Structures are given as C-alpha cells and as structure tokens.
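Notes to accompany the following structure.
Just the heavy atoms: all of them, side chains too, but no hydrogens, waters or symmetry mates, feed the values below. If you're wondering where the values come from, they're calculated on a predicted model, not measured in any experiment. Numbers here simply count residues along the sequence, with the first being 1.
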Amino acid sequence: MTVFCGIDWAESHHDVALVDETGQLLAKRRITDDAAGYRLLLDLLAEHGDTAAEPIPVAIETNRGLLVAALNNGTRPIYAINPLAAARYRDRHSVSRKKSDPGDALVLANILRTDRHAHRRLHADSDLAKAITVLARAQQDAVWSRQQLVNQVRSLLREYYPAALDAFLGKQPGLARPEARTVLASALTPAKAARLTPAQLRAALKRAGRTRGIDTEADRLRTVFRGDYAHHPQAVEDAMGHQLLALIRQLDAACLAAEELATAVEEHFRRHPDAEILLSFPGLGVQLAARVLAEIGDDRTRFADARALKAYAGSAPITRASGKKRYVGRRFIKNDRLITAGFLWAFFALRASPGADAHYRRRRERGDWHAQAQRHLFNRVIGQLYHCLQTGQLFDEQHASPPQWQIWPSQLDFLGT
C-alpha cells in the first residue's frame, strides 16, 4: 500500500494527515513543535510502513525549519508546496471556502497522491552548500539593512546638516565609510563641526583607520564644515544631533555585521568544490558567486535542464497566449535573490568579458532598454554556468564567445537568448 503524508505547519503545533492511494484517510494527528512532537511524527509514519528503503513522501508548505530537518534524512522525498498552489487545490474539494488546519494537511497529502509528478522534490544540497546559503543570505540582508540606514542618515542630514553631505557623499561608499561615521559621531551638529580643529579632525580620521593623506583630508573637511549654510535654531539642531547619533550607532553595527558575514561567506565558499568554476566566470567575485551558489545549490538533479534553471532565476521570458492575443514578457514569479545577483553579475561582466559586452550591445541595437539587455545577458551566462557545473569545466571565453562568432538578430529568439 502506498501512503502519502501532508503536514500543515504552524508556530507551536503541526497537523499531520496520512492517506493511501485511493484517498482514504488513514490517520490524522496534531503534534507539538519540539523534539517530542517530531518523534511522535516519525513513530506515526513508521506505523504505516515508513522504512529507510521506502520512506513515505511528505508534502509541507515550507522548505526550512527544524521539522523539515528532522524529516530530511537524505532519502525521504519532501515536497515544499507553494501556499498559493495549496489554496487552489483546496478549492477543488470545497467551494464553500471553508478552511481548517487538519483539512489543509489532508489537502497536502492528496496533492502528492494525485499530482506528485508536477511538483519539485526538495533538493538535496550538501551541508556546506546549506551553510553558504545561510551566510550569503544573511550577508545580503546585512548589506540591505546598511543601505537603509545610510538612506535614513542621508535624509536626516538633508534636513539640518548639508555640510556633511558635501563632505562625504562625493566618495564611495559615501556615508557608510568609516571616516564619515567617525567624524559625524564627533560633530553631531553643524555648529560642533565648524569648531573642530585640524588636530581633532586628524585624530578622527586616524581612529577611522585612515593612514594616507590625513592632513589634506582634514583641511578639506575643515573648509567644508566652515562653509556658509542655513541653520535651524540651536535647540532643534541639538535634538537632531541626538537622532543622528542613534542612527550612526545602528549604522556602525550594520557595517560591522556586513563585514563579519562577508568574511564568513568567503571562508566557507572557497572550501566548496564548485567555487573554482563559479569564479572562472567574468563578473563574479567571491561574494556575488556565493550568492549565486546559495540560490542554485549544488544538487545536480535539482534542475532538469538549463531552461528550468533560467525559469527559476527569472531570466527566461514567459509567454501568455489566448486567442488572438500573445504576450511575451518578463517573469514575476522567480527567485528574487538570484535575479538580483544576476543583474549585478551581468553589469560587472560587461567590462570583464568581450563576449558579454558584444551580446549586450546586440540587444541594445535591437531596441532593448538597459534592463532588458541585462536580463538577456544574465539568461545567457546562467545557461553557460549550468553547462559548466554539469560537466565540471571552467568557463572559457574563447569557447563561449569566439571572435568570429556572429549571429543575425532574427536568430536570437530562435536560440532562446
């Protein structure tokens, strides 16, 4: 007898349902979200024929968490069902819009019973790849948080402290630079900044880690801070200075977190067997390559072919056709982190790869705007990456884009580029 399991997970408990190949409910139970609940679930599966050789497949609406880790023993098929898809299946059994957690577990079990072939099994990445995924996503989140705080600091400075913007926004990475954060912490208001002596400015720059051109930079900052600007009343400036100090402390923590996570990402990524292949591609550095690896994993069976990977990344177009209407456009359902990394990859590849630059220019000549051409370029290189990972080859610029390689614009759509 073939048995299927569906689990409706929640924060404190999970509902489990088991059905056979005819749809008959064999068992249902609510378990707690702890080790005792996980053991109860494994015992329930064992009672209905679960073995290491023939594990019972499980459908659940998430691909992470301790419950998934407890079930994922390496051989058990686990299917992470999209909640939106599960809601559509629920409507197949009832038009009254009724909903319950045990009922959702039953729906998930029946999804495997009827349409198991149409859903992707949870990929079996290595532990190192999973660790890289955690670190790369955390580092990206830290970078986004850092930028949000930079934007808040910039908005606040525009209200009362334009001299600080003139002093630091002209250099990358602007207000996130250690010099900017250190000097602003010493001069929270325009009045305090105007009173800073060259010696104080040099000391602040040294605390920030600067070792060259300190005297020149101190003189430049002193000139900017003593420029002619409009001012708020002193009490208002002092209050905004307290707000700026709070934001700078948060920004310091965000910058430190991003740097420490970047170090951890590099340490783990360089130990991965696929690191050499990824870094052979023009435009991919350690951090960006780690983000790509984090999203595609190292399970070679995860994607059936390069087209599946391109669809997952969101670089391949999607067609909507009905009657006389036909629309080809970009995908909205995609891996947002991977497509973000892909646009950065395509941007950096333009200078590092003559073939990438030629492809981008051809797309622009056809009438694509910048983002379209970048997406087409990413669609091309992600397909090349799939081939290199499957065959274990390093990227070869001459083989991928030989100088004599020519193509007519009308052939681009035929080739899926």
Side-chain angles (χ1 to χ4, degrees), residues 132 135-137 139-140 143-144 147 171-174 176 258-259 261-263 265-298 306 309-310 312-316 330 334-366 368-407 409 412 415-417:
I132 293 173
L135 291 171
R137 289 179 175 178
Q139 199 275 336
Q140 188 175 38
V143 170
W144 287 340
Q147 188 57 48
K171 297 183 178 181
Q172 294 293 334
E259 293 170 1
L261 286 169
T263 301
V265 167
E266 181 172 0
E267 177 186 349
H268 285 73
F269 175 73
R270 291 194 180 278
R271 298 206 312 262
H272 196 279
D274 293 342
E276 187 178 4
I277 296 176
L278 283 158
L279 293 177
S280 68
F281 277 79
L284 279 184
V286 172
Q287 298 299 322
L288 196 55
R291 293 180 188 178
V292 173
L293 176 62
E295 301 309 321
I296 66 176
D298 59 1
L309 175 56
K310 292 176 180 181
Y312 176 75
S315 60
R330 64 187 179 93
K334 58 188 180 301
N335 186 313
D336 291 333
R337 290 181 182 270
L338 183 53
I339 192 66
T340 300
F343 273 104
L344 292 174
W345 180 6
F347 178 78
F348 293 131
L350 292 178
R351 291 187 177 181
S353 169
D357 181 69
H359 181 85
Y360 172 83
R361 292 181 183 278
R362 280 194 301 272
R363 297 303 312 187
R364 293 286 284 172
E365 290 171 359
R366 289 196 64 198
D368 287 357
W369 39 285
H370 172 67
Q372 285 178 312
Q374 273 194 303
R375 188 169 62 251
H376 277 283
L377 177 56
F378 174 49
N379 191 58
R380 181 186 177 203
V381 295
I382 195 72
Q384 294 171 342
L385 175 62
Y386 177 85
H387 172 76
C388 289
L389 289 175
Q390 292 293 329
T391 59
Q393 301 178 34
L394 299 181
F395 177 80
D396 184 356
E397 177 75 28
Q398 295 300 319
H399 181 71
S401 302
Q404 69 275 16
W405 184 71
Q406 297 291 335
I407 189 168
L412 293 174
L415 293 177
T417 58

**Prompt:** Are Gln372 and Trp369 close enough that a side-chain donor and a side-chain acceptor fall under 3.5 Å?
**Reply:** yes
**Message:** Quick one, Val143 and Leu261 - any side-chain contact, counting heavy atoms below 4.5 Å?
**Reply:** no
**Item:** side-chain contact (heavy atoms from CB on, under 4.5 Å), paired with Leu284, selected from Ile277, Val381, Leu293, Val292
**Value:** Val292
**Prompt:** Taking all non-hydrogen atoms of both residues, which atom of Ala294 and which atom of Ala136 are closest, and how far apart?
**Reply:** CB-CB, 3.8 Å
**Request:** Give every residue pair that meets the salt bridge (charged side-chain N to carboxylate O under 4.0 Å, His left out) criterion with at least one member in residues 382-392, sequence neighbours excluded.
**Result:** none
**Message:** Let me confirm one number: the CD-CD distance from Gln384 to Glu397, rounded to the nearest 0.5 Å.
**Reply:** 8.5 Å
**Asked** Can you tell me how far CG of Leu350 sits from CH2 of Trp345, rounded to the nearest 0.5 angstrom?
**Response** 13.0 Å
**Prompt:** What pairs meet the salt bridge (charged side-chain N to carboxylate O under 4.0 Å, His left out) rule with one or both residues in residues 340-361, with sequence neighbours excluded?
**Reply:** Asp357-Arg361
**Prompt:** How far does CZ of Phe378 sit from NE2 of His359, to the nearest 0.5 angstrom?
**Reply:** 12.5 Å
**Item:** Minimum heavy-atom distance between Pro282 and Ala352, given as atom pair plus value
**Value:** CB-CB, 3.7 Å
**Asked** In Å, rounded to the nearest 0.5 Å, how long is the span from CZ of Arg362 to NE2 of His376?
**Response** 12.0 Å
**Ser315 side, atom OG; Asn335 side, atom CG - distance, nearest 0.5 Å** = 11.0 Å
**Message:** Check Glu295 with Arg291, please: is the shortest side-chain N to carboxylate O separation under 4.0 Å?
**Reply:** no
**Min side-chain heavy-atom separation Gln287-Gln140 under 4.5 Å** = no
**Prompt:** CG of Asp274 to CD1 of Ile132: how many Å apart, nearest 0.5 Å?
**Reply:** 8.5 Å
**Asked** Taking all non-hydrogen atoms of both residues, which atom of Gly383 and which atom of Ala306 are closest, and how far apart?
**Response** CA-CB, 4.4 Å
**Request:** Carefully, step by step, assess Phe269 and Leu279 under the rule side chain to side chain contact (heavy atoms under 4.5 Å, CB included).
**Result:** CA-CA 10 Å; Phe269 175 73; Leu279 293 177; 3.9 Å; yes
**Asked** For Gln147, does the CD atom sit with more than 12 other heavy atoms under 6.0 Å from it, leaving out its own atoms?
**Response** yes
**Message:** Quick one, Arg270 and Val286 - any side-chain contact, counting heavy atoms below 4.5 Å?
**Reply:** yes
**Request:** Please tell me if the side chains of Leu385 and Leu309 come closer than 4.5 Å, counting only heavy atoms from C-beta onward.
**Result:** no
**Message:** Measuring centre to centre across the rings, with the benzene-like ring taken for any Trp, is Tyr360 within less than 6.0 Å of His370?
**Reply:** yes
**Phe343, CZ atom: more than 12 neighbouring heavy atoms under 6.0 Å** = yes
**Asked** What's the verdict on side chain to side chain contact (heavy atoms under 4.5 Å, CB included) for Gln374 and Arg363, showing C-alpha distance, side-chain angles and the deciding distance?
**Response** CA-CA 9 Å; Gln374 273 194 303; Arg363 297 303 312 187; over 6 Å; no
**Fill in**
From the list Leu338, Ile339, Ile382, side-chain contact (heavy atoms from CB on, under 4.5 Å) partner of Tyr312 resolves to Leu338
